[in-house]
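In what follows, a single structure is set out as structure tokens and then discussed.
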Amino acid sequence: LVETRFPSDPSAKGGGVGLITLHRPKALNALCDALFDDLIHAVMAFDHDEDIGCIVITGSTKAFAAGADISEMSKQEFANVYKKNMFSQWADITKTSKPIIAAVNGFALGGGCELAMMCDILLAGSKAQFGQPEINLGVIPGAGGTQRLIRAVGKSKAMEMVLTGNRISAQEAMDAGLVSKVIDSEILVDEAVKMGFTIAEKSGMAVRMAKEAVNVAEEVSLSEGLRFERRMFHALFATKDQKEGMSAFLEKRKPEFTNE
Ligand code: HXC
């Protein structure tokens with residue numbers, strides 16, 4: 001249900017990009033258990049792959065993902081979903097150390113929008129639509145739609161989306177701060193992969209610590225966050241990549257990072 005492809009150009013160690021394409025076209029990439037298991041498996045495999053420096057997740061032109069699978073959910077009862085802590089395993093996506101770019105074309109609804117928000121950079125195709133329509137099904141978002149969305153777009157817009165179920169366009173998502181760029185749909189994936197290569201050619205140590213530090217900002221107070229950032233900054237002076245990066249600058253050459 002998931003297709004993986006490494007666009008080849010890993011010139012340096014760890015310089016590759018792992019592209020994951022959700023592929024369940026008949027259900028607009030609705031995230032059934034099997035699809036999500038495949039996705040997590042693919043993400044983890046790239047996270048542990050020394051040749052890969054950045055991961056891109058995308059869907060089809062019509063849908064990034066139209067949400068969790070409604071036919072699977074419709075049969076569930078409280079005791080069952082509570083005991084198995086339904087959807088808690090989705091958070092594994094956020095435990096990766098390498099950056100993940102979501103390249104969102106078409107619908108990113110419900111769990112699809114939440115999956116995109118678990119990624120580190122969101123790029124939207126010009127026809128993308130984002131929404132949390134769970135309210136129309138008699139439920140609420142269950143994987144970050146009431147939590148990550150408010151941090152991205154603020155309370156009023158998050159409330160509006162969660163309470164009305166209305167979708168917002170790529171441009172609105174951009175204006176609200178949910179996505180960092182709107183890109184022509186046809187070239188979205190190529191551009192996302194290009195951005196992936198830009199990231200993958202940096203020091204893998206610095207990239208990982210940068211991701212960790214930025215994500216800590218959502219969890220802790222400013223003073224704790226600043227302390228954590230400074231400690232990470234200090235720690236990078238123990239890496240070969242810091243020596244290489246600074247020497248290369250002074251010697252006016254391109255750095256050759258080894259991710260050590
Ligand atoms: C299961 C889905 C689905 C979904 C679409 N399909 N979304 N199946 N779960 N979430 C299926 C349809 O049943 C249909 O199957 C096929 O995909 C094509 O969909 P259509 O509705 O015919 O397409 P279209 O008219 O273009 O409308 C597209 C759409 C609509 C606006 C995206 O499909 C839609 O509203 N989907 C549901 C969106 C949603 O409510 N998402 C939130 C789910 S709850 P057939 O067999 O009829 O061709 C959720 C909870 C998350 O995500 C909780 C935490 C993870």
Side-chain angles (χ1 to χ4, degrees), residues 1-2 20-25 27-33 35-36 39-40 43 55-73 86-94 96 99-183 185 188-189 192 215 218:
L1 296 172
V2 158
I20 299 171
T21 307
L22 303 174
H23 188 67
R24 196 185 168 215
L28 302 181
N29 291 332
L31 297 158
C32 59
D33 289 344
L35 175 53
F36 213 88
L39 171 63
I40 289 181
V43 167
I55 301 164
V56 176
I57 301 178
T58 194
S60 68
T61 332
K62 177 146 192 208
F64 178 72
D69 189 290
I70 299 169
S71 47
E72 269 185 7
M73 283 186 296
M86 184 166 71
F87 297 137
S88 57
Q89 80 279 18
W90 283 33
D92 286 355
I93 300 282
T94 64
T96 51
I100 307 181
I101 301 172
V104 179
N105 261 326
F107 297 114
L109 303 180
C113 187
E114 293 171 308
L115 168 62
M117 291 191 291
M118 286 178 197
C119 299
D120 301 300
I121 299 174
L122 276 76
L123 302 178
S126 40
K127 293 179 200 134
Q129 293 188 44
F130 297 82
Q132 297 292 160
E134 289 91 341
I135 200 87
N136 298 326
L137 302 169
V139 290
I140 67 169
T146 68
Q147 302 299 306
R148 291 195 180 92
L149 186 62
I150 185 174
R151 284 164 169 82
V153 306
K155 177 170 168 176
S156 181
K157 187 150 248 1
M159 275 291 189
E160 185 187 328
M161 289 172 70
V162 168
L163 295 178
T164 66
N166 291 345
R167 308 197 281 258
I168 61 170
S169 67
Q171 191 54 50
E172 284 173 281
M174 167 82 191
D175 296 343
L178 180 60
V179 306
S180 62
K181 269 197 174 82
V182 180
I183 298 171
S185 320
L188 172 71
V189 177
N215 282 333
E218 296 204 319

Exercise for the section: For the pair Glu114 (side chain) and Ala143 (backbone), establish whether a donor and an acceptor sit closer than 3.5 Å, ignoring hydrogens and angles. Expected result: yes
Practice task
Can you measure from CG (Leu1) to CG (Leu39) and round to the nearest 0.5 angstrom?
Solution key: 10.5 Å
Problem - Glu218 side chain vs Arg151 backbone, donor-acceptor pair below 3.5 Å - result: no
Handout entry: Side-chain heavy-atom pair Asn215, Asp120 within 4.5 angstrom cut-off
Key = yes
Practice task
List the atom of Asp69, the atom of Ser71, and the distance in Å for their closest heavy-atom pair.
Solution key: OD1-OG, 2.7 Å
Completion exercise
Here the pair of heavy atoms bringing Ile150 nearest to Thr146 is CG2-O, 3.6 Å
Problem - Main-chain N/O of Ile121 paired with Ser180 side-chain donor or acceptor, under 3.5 Å - result: no
Practice task
State, with a plain yes or no, whether a side-chain heavy atom of Phe107 is found less than 4.5 Å away from one of Arg167.
Solution key: yes
Completion exercise
Sequence neighbours excluded, the answer for salt bridge (charged side-chain N to carboxylate O under 4.0 Å, His left out) partners of Asp92 is Lys95
Completion exercise
One should read off an interatomic distance between Arg148 CZ and Met117 CE, to the nearest 0.5 angstrom, of 7.5 Å
Completion exercise
So CE of Met161 and CG of Leu178: to nearest 0.5 Å the spacing works out to 6.5 Å
Handout entry: Stepwise side chain to side chain donor-acceptor pair (under 3.5 Å) check, Ser185 with Ser126
Key = CA-CA 5 Å; Ser185 320; Ser126 40; 3.1 Å; yes
Exercise for the section: Measure the CD1-CD1 distance between Ile100 and Ile57 for me, rounded to the nearest 0.5 Å. Expected result: 4.5 Å
Exercise for the section: For side chain to side chain contact (heavy atoms under 4.5 Å, CB included), just list the numbers for Val153 and Ile168, CA-CA rounded to whole Å, side-chain angles, deciding distance to a tenth of an Å, and then say yes or no. Expected result: CA-CA 12 Å; Val153 306; Ile168 61 170; 5.6 Å; no
Handout entry: Separation between OG of Ser60 and CG of Leu28, rounded to the nearest 0.5 Å
Key = 7.0 Å
Exercise for the section: Could you tell me the separation between the CE atom of Met86 and the CG atom of Asp33, rounded to the nearest 0.5 Å? Expected result: 8.5 Å
